[in-house]
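These notes are about the structure you will find just below.
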Amino acid sequence: EWDESSFFAYVAEYCAKEDAAVVRKLYDWFCPRVDRVWWGQAQGEPGFVPSIRQGKTKHQLCEIWGKGKLETLFQWYAYKPQFAEEAKRMELLAKFNEIPGVDLPPDSITRRPSIPLAVFRDDERFDQLTELMEWVISEIRAMPD
């Protein structure tokens, strides 16, 4: 069982100090904007998933892993009405790739590629990421229930 305090203790142990600061900033940014933060783990590494609910559908926005990476969830977006169309996922991919230091290949729209959080140490890049996530949230919220 992971929670905020155990997760951030793990992050402090396994991440560079600068990446741990990015994890904290992302967590603090997501919390007031999402309906739930789910804590989990894969292969012993903890992570958190910010999610929102639109109607009866739960939307996981991304996953932040305890060793300093952001996992995109294109694979799951494909099953949600807002991003079911390939063109919409390609638009999202283009928005990710506009961030300097991010270079996801076209086949990313069927997978869950990760981006090192070190990319977002720079305030401008961090802001680009949060603007992208704000766009994703607005796209989801714009769909009827």
Side-chain angles (χ1 to χ4, degrees), residues 1-54 56-86 88-141 143:
E1 292 285 326
W2 293 93
D3 60 15
E4 181 180 353
S5 61
S6 61
F7 174 76
F8 282 102
Y10 183 96
V11 168
E13 184 174 343
Y14 289 98
C15 279
K17 184 178 177 180
E18 299 85 357
D19 294 344
V22 172
V23 173
R24 175 52 78 177
K25 278 176 59 174
L26 281 171
Y27 178 77
D28 291 344
W29 185 88
F30 275 117
C31 280
R33 291 167 177 84
V34 300
D35 300 319
R36 179 173 185 236
V37 171
W38 177 82
W39 301 98
Q41 73 175 20
Q43 300 173 350
E45 182 181 355
F48 74 86
V49 179
S51 65
I52 61 174
R53 188 172 283 287
Q54 180 66 15
K56 295 182 180 186
T57 305
K58 183 171 69 171
H59 299 268
Q60 299 87 358
L61 302 175
C62 63
E63 185 146 12
I64 309 298
W65 290 102
K67 289 187 179 173
K69 59 187 185 259
L70 178 145
E71 185 173 296
T72 65
L73 300 178
F74 287 102
Q75 176 186 11
W76 300 118
Y77 283 1
Y79 298 103
K80 309 295 179 166
Q82 296 81 353
F83 295 96
E85 296 294 325
E86 182 177 310
K88 198 67 173 178
R89 291 191 314 283
M90 289 300 289
E91 182 180 359
L92 176 58
L93 176 68
K95 287 180 181 296
F96 268 112
N97 284 336
E98 287 173 5
I99 301 171
V102 177
D103 186 23
L104 300 174
D107 71 343
S108 295
I109 67 165
T110 62
R111 300 180 301 109
R112 297 167 51 170
S114 295
I115 303 166
L117 289 178
V119 169
F120 307 111
R121 289 176 182 173
D122 174 82
D123 287 339
E124 187 174 327
R125 292 177 188 183
F126 183 88
D127 291 345
Q128 287 177 283
L129 174 63
T130 56
E131 287 170 18
L132 182 155
M133 287 290 118
E134 197 72 64
W135 176 80
V136 169
I137 292 168
S138 69
E139 290 293 307
I140 293 168
R141 297 277 192 220
M143 292 293 285

Starting from the C-alpha separation in whole Å, work towards a yes-or-no answer on side chain to side chain contact (heavy atoms under 4.5 Å, CB included) for His59 and Ser51. CA-CA 5 Å; His59 299 268; Ser51 65; 5.9 Å; no
Carboxylate-amine/guanidinium contact [X] [Y], below 4.0 Å:
{"X": "Glu98", "Y": "Lys95", "answer": "no"}
{"X": "Lys67", "Y": "Glu45", "answer": "no"}
{"X": "Glu134", "Y": "Arg33", "answer": "yes"}

Residues passing the ring-ring contact (aromatic ring centres under 6.0 Å, His included) test with Phe48, sequence neighbours excluded, are Phe7, Tyr27, Trp39
Sorted by chain and number, sequence neighbours left out, ring-ring contact (aromatic ring centres under 6.0 Å, His included) with Trp29 holds for none
Just verifying a value: how many Å separate [X] [atom1] and [Y] [atom2], rounded to the nearest 0.5 Å?
{"X": "Lys80", "Y": "Arg89", "atom1": "NZ", "atom2": "CZ", "answer": "13.0 Å"}
{"X": "Thr130", "Y": "Asp127", "atom1": "OG1", "atom2": "CG", "answer": "5.0 Å"}
{"X": "Lys25", "Y": "Arg121", "atom1": "NZ", "atom2": "CZ", "answer": "12.0 Å"}
{"X": "Glu71", "Y": "Ser114", "atom1": "CD", "atom2": "OG", "answer": "4.5 Å"}
{"X": "Trp76", "Y": "Lys58", "atom1": "CH2", "atom2": "NZ", "answer": "11.0 Å"}
{"X": "Ile99", "Y": "Asp122", "atom1": "CD1", "atom2": "CG", "answer": "11.0 Å"}

Check whether any side-chain heavy atom of [X] lies under 4.5 Å from a side-chain heavy atom of [Y], and answer yes or no.
{"X": "Phe30", "Y": "Met133", "result": "yes"}
{"X": "Leu129", "Y": "Phe96", "result": "yes"}
{"X": "Gln54", "Y": "Arg141", "result": "yes"}
{"X": "Cys62", "Y": "Pro50", "result": "yes"}
{"X": "Ile115", "Y": "Leu104", "result": "yes"}
{"X": "Val11", "Y": "Asp19", "result": "no"}
{"X": "Phe74", "Y": "Arg111", "result": "no"}
{"X": "Val136", "Y": "Glu139", "result": "no"}

Please step through side chain to side chain contact (heavy atoms under 4.5 Å, CB included) for the pair Phe83 and Glu85, ending with a clear verdict.
-> CA-CA 5 Å; Phe83 295 96; Glu85 296 294 325; over 6 Å; no
Do Arg24's NZ or CZ and the ring of Phe8 fall within the cation-pi criteria of under 6.0 Å and 45°? yes
**Message:** Does atom CD (Glu86) have a neighbourhood of more than 12 heavy atoms from anything else shown, all under 6.0 Å?
**Reply:** no
How about NZ on Lys88, more than 12 heavy atoms from neighbouring residues, nucleotides or ligands closer than 6.0 Å, or not?
yes
Query raised in the report: Do any N or O atoms from the side chain of Thr72 and from the backbone of Pro113 form a donor-acceptor pair under 3.5 angstrom?
Result: yes
Ignoring hydrogens, what is the shortest heavy-atom contact between [X] and [Y]? Give both atom names and the distance.
{"X": "Ile52", "Y": "Val34", "result": "CG2-CA, 3.6 Å"}
{"X": "Ala20", "Y": "Cys15", "result": "N-CB, 4.0 Å"}
{"X": "Met90", "Y": "Pro106", "result": "SD-O, 4.2 Å"}
{"X": "Gly101", "Y": "Val119", "result": "O-CG2, 3.7 Å"}

*asked:* Let's go through Thr110 and Asp107 carefully: what are the C-alpha distance in whole Å and the side-chain angles of both, what is the deciding distance for side chain to side chain donor-acceptor pair (under 3.5 Å) to 0.1 Å, and is it a yes or a no?
replied: CA-CA 6 Å; Thr110 62; Asp107 71 343; 5.7 Å; no
- [ ] Please report the C-alpha distance between Leu132 and Leu92 in whole Å, then the side-chain angles of each, then the deciding distance to 0.1 Å, and finally whether the side chain to side chain contact (heavy atoms under 4.5 Å, CB included) criterion is met.
- [x] CA-CA 8 Å; Leu132 182 155; Leu92 176 58; 3.7 Å; yes
The salt bridge (Lys or Arg N to Asp or Glu O under 4.0 Å) partners of Asp103 (sequence neighbours excluded) come to none
- Task: Check the pair Tyr10 / Trp2 against side chain to side chain contact (heavy atoms under 4.5 Å, CB included), numbers first and verdict last.
- Result: CA-CA 10 Å; Tyr10 183 96; Trp2 293 93; 3.8 Å; yes
